[in-house]
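First the proteins, then the strands, lettered A, B, ... as listed; each starts at 1.
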2 protein chains.
Amino acid sequence: MSAKASTAARIAEEAAAAPLCAVFRRHLRSVRLKYTPERAGVLDAIIERDGLFEVEELLNDLRDRRLRISKATVYRTLRLLQDAGIIMPAQIDARQSHYQLVYGRAPRDQMVCVRTGRVIEFTDPEIRTLRDRICRRAGWAPVTHRLQIFGVSPEDAGAEPPAS
Amino acid sequence: MSAKASTAARIAEEAAAAPLCAVFRRHLRSVRLKYTPERAGVLDAIIERDGLFEVEELLNDLRDRRLRISKATVYRTLRLLQDAGIIMPAQIDARQSHYQLVYGRAPRDQMVCVRTGRVIEFTDPEIRTLRDRICRRAGWAPVTHRLQIFGVSPEDAGAEPPAS
DNA sequence: GTGCGTGCAAAGACTTTGCACGTAC
DNA sequence: GTACGTGCAAAGTCTTTGCACGCAC
């Protein structure tokens with residue numbers, strides 16, 4: 001990806017990110033809950049992470065920002081954000097819990113290197129087209145999808161398999 | 001899927017299933033481990049399950065067959081089967097651990113109903129083609145993939161969202 | 001007798017829950 | 001004062017590990 005394309009993508013994402021807190025607020029109101037500083041803090045940290053993140057990272061980020069938000073609250077907020085359709089579990093790895101920001105952006109697909117575990121995110125419009133075609137044939141209404149391609153990246157082709 | 005197609009598929013799968021224990025045995029030998037009755041029992045139970053399964057189901061199946069194989073051994077065997085490339089984690093749900101049989105069969109993709117959590121497996125050749133094209137462009141060597149399409153199935157269109 | 005395999009129970013990693021206290025309308 | 005939110009610690013769920021015993025070559 002060129003620097004130019006990446007910059008354009010970032011600007012587009014920042015524009016999309018702006019209303020996220022509004023989306024969250026709207027959802028909370030609809031279920032009669034409040035938009036508290038803790039909840040806002042968690043969402044902000046997620047937006048900063050831009051895409052894929054782990055709970056552990058989020059907790060660190062919040063700690064770094066001197067926001068003292070308990071683990072319990074973070075987990076509770078993650079569930080609310082899921083309900084709001086803002087994030088979804090990414091499930092890269094069974095042990096660690098990864099989530100990804102999904103609201104207002106095309107689903108990010110992942111290529112995972114089976115040698116090193118390295119994850120590269122990408123979006124391919126053809127996947128979406130194919131997904132919608134498959135759904136149409138089956139009579140389903142598509143909502144989103146998750147695609148993980150496992151393979152060996154050229155950089156890691158000589159690497160040892162991970163310790164696991 | 002018609003009864004005829006399903007029968008044909010089953011026969012094909014049974015043919016493919018036969019050598020699975022040989023594949024496992026070969027892998028075990030290559031890492032200087034033994035093909036024990038416990039390990040065979042776990043693999044058999046997985047083959048019976050045909051595709052997607054959870055650890056809990058496996059444990060029940062083994063118990064039903066009066067095979068007393070401890071949970072620890074099942075988990076240890078699952079790891080070996082993963083190493084052998086026979087199964088892989090399916091990660092449908094963060095809580096339950098799902099696995100799927102992958103050796104010698106096209107990866108099964110899943111459509112997950114967001115209303116009910118119902119999972120339907122399918123295989124679409126175009127997905128594989130697209131996957132390989134994406135890999136080629138990126139210089140990766142494809143190994144396998146996992147695709148989950150989330151949507152609303154026609155049968156469940158009126159259903160309540162799950163309790164979660 | 002060395003190496004591997006197993007079951008059991010304990011320990012781990014991560015997540016959820018119960019509870020008491022706070023705060024806002 | 002009612003309803004919701006939070007932190008803390010405890011409980012829970014699922015998985016892995018430590019250890020002693022057993023078996024096979």
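We find that CG of Leu33(A) is positioned 14 Å from C1' of dT6(D), with the value rounded to whole Å. Whole-Å rounding puts the Leu28(A) CG to dC4(D) P distance at 13 Å. In this structure, Arg29(A) places its CZ atom 14 Å from P of dG5(D), rounding to the nearest Å. At whole-Å resolution of the value, CZ in Arg32(A) and P in dG5(D) are 12 Å apart. When rounded to the nearest whole Å, the span between CG of Leu62(A) and C1' of dT6(D) equals 14 Å.
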Could you list the donor-acceptor pairs under 3.5 angstrom formed between side-chain atoms of residues 140-147 of chain B and any protein atom two or more places apart in sequence or on another chain?
{"unit_1": "His145(B)", "atom_1": "ND1", "unit_2": "Arg131(B)", "atom_2": "NH1", "d": "2.9"}
{"unit_1": "His145(B)", "atom_1": "NE2", "unit_2": "Asp109(B)", "atom_2": "OD1", "d": "3.0"}
{"unit_1": "Arg146(B)", "atom_1": "NE", "unit_2": "Gln148(A)", "atom_2": "OE1", "d": "2.8"}
{"unit_1": "Arg146(B)", "atom_1": "NH1", "unit_2": "Pro89(B)", "atom_2": "O", "d": "2.3"}
{"unit_1": "Arg146(B)", "atom_1": "NH2", "unit_2": "Gln148(A)", "atom_2": "OE1", "d": "2.7"}

- Message: Please determine whether side chain to side chain contact (heavy atoms under 4.5 Å, CB included) holds for the pair Ile86(A) and Leu101(A), giving the CA-CA distance in whole Å, both sets of side-chain angles, and the decisive distance to 0.1 Å.
- Response: CA-CA 6 Å; Ile86(A) 293 172; Leu101(A) 197 53; 3.8 Å; yes
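Screening residues 30-48 of chain A for salt bridge (Lys or Arg N to Asp or Glu O under 4.0 Å) gives no qualifying pairs among residues at least two apart or on separate chains. For the ring pair (Phe, Tyr, Trp, His ring centres under 6.0 Å) condition, no pair includes a residue of residues 113-133 of chain A, sequence neighbours left out.
The pair Arg137(B)-Glu126(A) meets the salt-bridge criterion, with a side-chain N (NZ, NE, NH1 or NH2) lying under 4.0 Å from an Asp/Glu carboxylate O.
Arg118(B) meets the side chain to side chain contact (heavy atoms under 4.5 Å, CB included) test with Cys113(B), Thr116(B), Ile120(B), Ser153(B), Glu155(B), Asp156(B); sequence neighbours excluded.
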Distances under 3.5 Å between nitrogen or oxygen atoms of protein and nucleotides 12-14 of chain C:
{"unit_1": "dA13(C)", "atom_1": "O4'", "unit_2": "Arg95(A)", "atom_2": "NH2", "d": "3.2"}
{"unit_1": "dC14(C)", "atom_1": "OP1", "unit_2": "Gln96(A)", "atom_2": "NE2", "d": "3.1"}

Produce the list of close N/O pairs, under 3.5 Å, pairing protein atoms with atoms of nucleotides 6-9 of chain C; give distances to one decimal.
{"unit_1": "dT6(C)", "atom_1": "OP1", "unit_2": "Thr36(B)", "atom_2": "OG1", "d": "2.6"}
{"unit_1": "dT6(C)", "atom_1": "OP1", "unit_2": "Glu38(B)", "atom_2": "OE1", "d": "2.9"}
{"unit_1": "dT6(C)", "atom_1": "OP2", "unit_2": "Arg39(B)", "atom_2": "NE", "d": "3.4"}
{"unit_1": "dT6(C)", "atom_1": "OP2", "unit_2": "Arg39(B)", "atom_2": "NH2", "d": "3.4"}
{"unit_1": "dG7(C)", "atom_1": "OP1", "unit_2": "Arg68(B)", "atom_2": "O", "d": "2.8"}
{"unit_1": "dG7(C)", "atom_1": "OP1", "unit_2": "Ser70(B)", "atom_2": "N", "d": "3.3"}
{"unit_1": "dG7(C)", "atom_1": "OP2", "unit_2": "Ser70(B)", "atom_2": "N", "d": "3.0"}
{"unit_1": "dG7(C)", "atom_1": "OP2", "unit_2": "Ser70(B)", "atom_2": "OG", "d": "2.7"}
{"unit_1": "dG7(C)", "atom_1": "OP2", "unit_2": "Thr73(B)", "atom_2": "OG1", "d": "2.3"}
{"unit_1": "dG7(C)", "atom_1": "N7", "unit_2": "Arg76(B)", "atom_2": "NH2", "d": "2.9"}

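Taking CD1 of Ile149(B) as the reference point, atom CG of Leu130(A) lies at 7.0 Å (rounded to 0.5 Å).
In this structure, Tyr35(B) and Phe24(B) have perpendicular ring planes: the angle between them is above 60°, well past the 30° mark.
For the pair Lys34(A) and Tyr99(B), nearest-nucleotide mapping onto DNA chain D gives the more 5' position to Lys34(A).
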